[in-house]
Amino acid sequence: MIGKIKILIVDDSALMRRALKEIIMTDPSLDVVGTARDGSDAIEKVRELKPDVVTMDINMPVMDGLTSMQYILNDYPEIAVLMVSSLTAEGALTTFEALELGAFDYVAKPSGTVSADIHLIGREIIQKVKLAYKSVNGKSIRARIERRSSDIHQKKVESIKQSDVTEIKKCTKVVVIGISTGGPGTLMEVLPMLPENLGAAVIIIQHMPAAFTTSFAKRLDGACRIPIKEADPGDVLQNGRGYLGPGGYQLVVRGEAGALRLPSTPKTVFMPCVNVTMESVLAAFGGENVIGVLMTGMGDDGADAMVKIRKAGGITIAEDESTAVVFGMPKEAIERGGAEIVAPSYKIAEAIIKAVRRIS
């Protein structure tokens, strides 16, 4: 028991509590110290058991997971909370709210609130529990939330978005942002700071289940100065607009006009794949008109494409370890020589703006 990561499982389904415990206990470095049947019970169990990580269901009786999480993080900011979401529009919206309020990340149940096939994502659950323990410091998460509210929202314009009152602007440059684990909260630090008159189109590749990307695009659009939409086939890139790659498809750019396509191939671990999108943008616009950005996430998706963009004359930006929730993807880009600029998350918007001006 000494040295093991202590986990509390919170779910109103006895089947789910048992299944999650079985999955987690297959790893010798993890220990399930208790379970709770609802959010109120979770608060009491946290006080009693002092876990390192809490896996938190969202929809529960007595007290829901979002409310419970806020009480727990307020009293125990050193505890990491991993949300366990259902793949519904309602589940997506609540998950994004939880991430903005301090949750480390989420895992999506494969088949509804009670998923008998939860074992299919067993590896992901174990990985994210470990990452939550290693990478999340409650105080740093709280500082990021406070910075987001005091900095971003104060600077957000109150007027109508520029795109609503001006003519369509042909795309001349493209910013491609690749991001994974920890991405939704980090993007909320970056995208709202981009100005309405940004002289580039912005493509966002966030590793995320297909059922979540529509809701996430709407949430980003409501928080940002530039309009952001989930990409549709046939969309044409425009300066000062953002396009989120829909889950389950690749997002590729074809031709100098910047037409978007959403093929179902090549099949990659993540759909959409950062490497695939970045390389298509590079082929369509040439390196001198491309800015690659790689931020928090597991693995190395996007690292090779960042090298190619930099070698072709583009500008590349990687998130610094000091703010990366998971220093995987940006670390790989840096180590391979694919990052010209390394900056913490709260300075990446400024770096993007400077890069766009630099290649004007």
Side-chain angles (χ1 to χ4, degrees), residues 7-21 23-24 35-39 41-42 53-73 79-132 135-136 141 145 179-188 206-220 230 244 246-248 270-271 296-298 325-326:
I7 297 101
L8 173 68
I9 296 170
V10 186
D11 200 296
D12 62 321
S13 163
L15 172 65
M16 293 303 300
R17 292 196 299 272
R18 182 169 63 252
L20 286 168
K21 182 175 181 178
I23 288 169
I24 291 170
T35 62
R37 63 186 179 277
D38 57 57
D41 187 25
V53 180
V54 176
T55 67
M56 181 73 75
D57 188 21
I58 291 179
N59 297 312
M60 296 181 290
V62 184
M63 181 184 290
D64 64 87
L66 185 63
T67 304
S68 177
M69 182 200 78
Q70 291 178 77
Y71 278 109
I72 290 169
L73 293 183
I79 292 176
V81 177
L82 180 67
M83 304 305 293
V84 182
S85 313
S86 58
L87 284 168
T88 63
E90 181 182 355
L93 289 172
T94 308
T95 300
F96 300 139
E97 188 173 353
L99 293 170
E100 290 168 16
L101 290 170
F104 164 72
D105 200 7
Y106 68 91
V107 291
K109 294 179 179 178
S111 58
T113 303
V114 179
S115 291
D117 56 353
I118 191 75
H119 65 278
L120 295 174
I121 59 168
R123 183 178 177 183
E124 179 185 1
I125 292 168
I126 289 172
Q127 277 185 322
K128 289 192 174 180
V129 164
K130 289 181 176 181
L131 286 169
S135 304
V136 169
I141 287 288
I145 294 168
I179 196 163
S180 188
T181 308
T186 302
L187 286 171
M188 282 295 184
Q206 161 75 67
H207 295 159
M208 183 176 282
F212 278 26
T213 46
T214 300
S215 297
F216 188 45
K218 291 177 181 177
R219 198 166 189 90
L220 288 174
E230 185 177 40
L244 178 71
F270 297 106
M271 301 276 285
T296 177
M298 291 187 287
V325 176
V326 181

Look up atom CZ in Arg219 and atom CD in Glu97, then write down how far apart they are to the nearest 0.5 Å.
-> 5.5 Å
Do Asp105 and Val325 have side-chain heavy atoms sitting under 4.5 Å apart?
-> no
d(Leu187 CG, Leu244 CG) to nearest 0.5 Å is 8.5 Å
Minimum heavy-atom distance between Ala210 and Gly248, given as atom pair plus value | CB-N, 4.3 Å
Does any non-hydrogen side-chain atom of Leu82 lie less than 4.5 Å from one of Val129?
-> yes
Taking all non-hydrogen atoms of both residues, which atom of Ala42 and which atom of Val10 are closest, and how far apart?
-> CB-CG2, 3.6 Å
Measure the shortest side-chain to side-chain distance between Ser85 and Phe212 over non-hydrogen atoms and say whether it is less than 4.5 angstrom.
-> yes
Asp38 and Asp12: side-chain contact (heavy atoms from CB on, under 4.5 Å), yes or no, with the steps?
-> CA-CA 5 Å; Asp38 57 57; Asp12 62 321; 5.6 Å; no
Distance col, row Thr94:OG1 vs Asn59:CG, nearest 0.5 angstrom, shows 6.5 Å
From Thr181 atom OG1 to Tyr106 atom OH, the distance as rounded to the nearest 0.5 Å | 8.5 Å
Which atoms form the tightest heavy-atom contact between Leu93 and Ser215, and what is the distance?
-> CD2-CB, 4.1 Å
Nearest heavy-atom approach of Leu8 to Ala36 is CD1-N, 4.3 Å
What's the verdict on side-chain contact (heavy atoms from CB on, under 4.5 Å) for Asp11 and Lys109, showing C-alpha distance, side-chain angles and the deciding distance?
-> CA-CA 12 Å; Asp11 200 296; Lys109 294 179 179 178; 3.1 Å; yes
CE of Met56 to OG1 of Thr67, rounded to nearest 0.5 Å, is 9.5 Å
What is the distance from atom CE of Met208 to atom OG of Ser180, rounded to the nearest 0.5 Å?
-> 9.5 Å
Passing option when Met298 is tested against His207, Lys128, Glu124 for side-chain contact (heavy atoms from CB on, under 4.5 Å) = Lys128
Met83 vs Val81, side-chain contact (heavy atoms from CB on, under 4.5 Å): CA-CA, chis, key distance, verdict = CA-CA 6 Å; Met83 304 305 293; Val81 177; 3.7 Å; yes
Go through Val326 and Phe104 one step at a time and tell me if the side-chain contact (heavy atoms from CB on, under 4.5 Å) criterion holds.
-> CA-CA 10 Å; Val326 181; Phe104 164 72; 4.3 Å; yes
So do the side chains of Ile126 and Arg123 get within less than 4.5 Å of each other, counting heavy atoms only?
-> no
Just one of Val54, Leu20, Asp57, Ile23 clears the side-chain contact (heavy atoms from CB on, under 4.5 Å) bar with Ile9, so which one?
-> Leu20
Ile118 and Pro110 have their tightest heavy-atom pair at CD1-CD, 4.0 Å
Indicate yes or no: at least one non-hydrogen side-chain atom of Leu66 is less than 4.5 angstrom from one of Ile58.
-> no
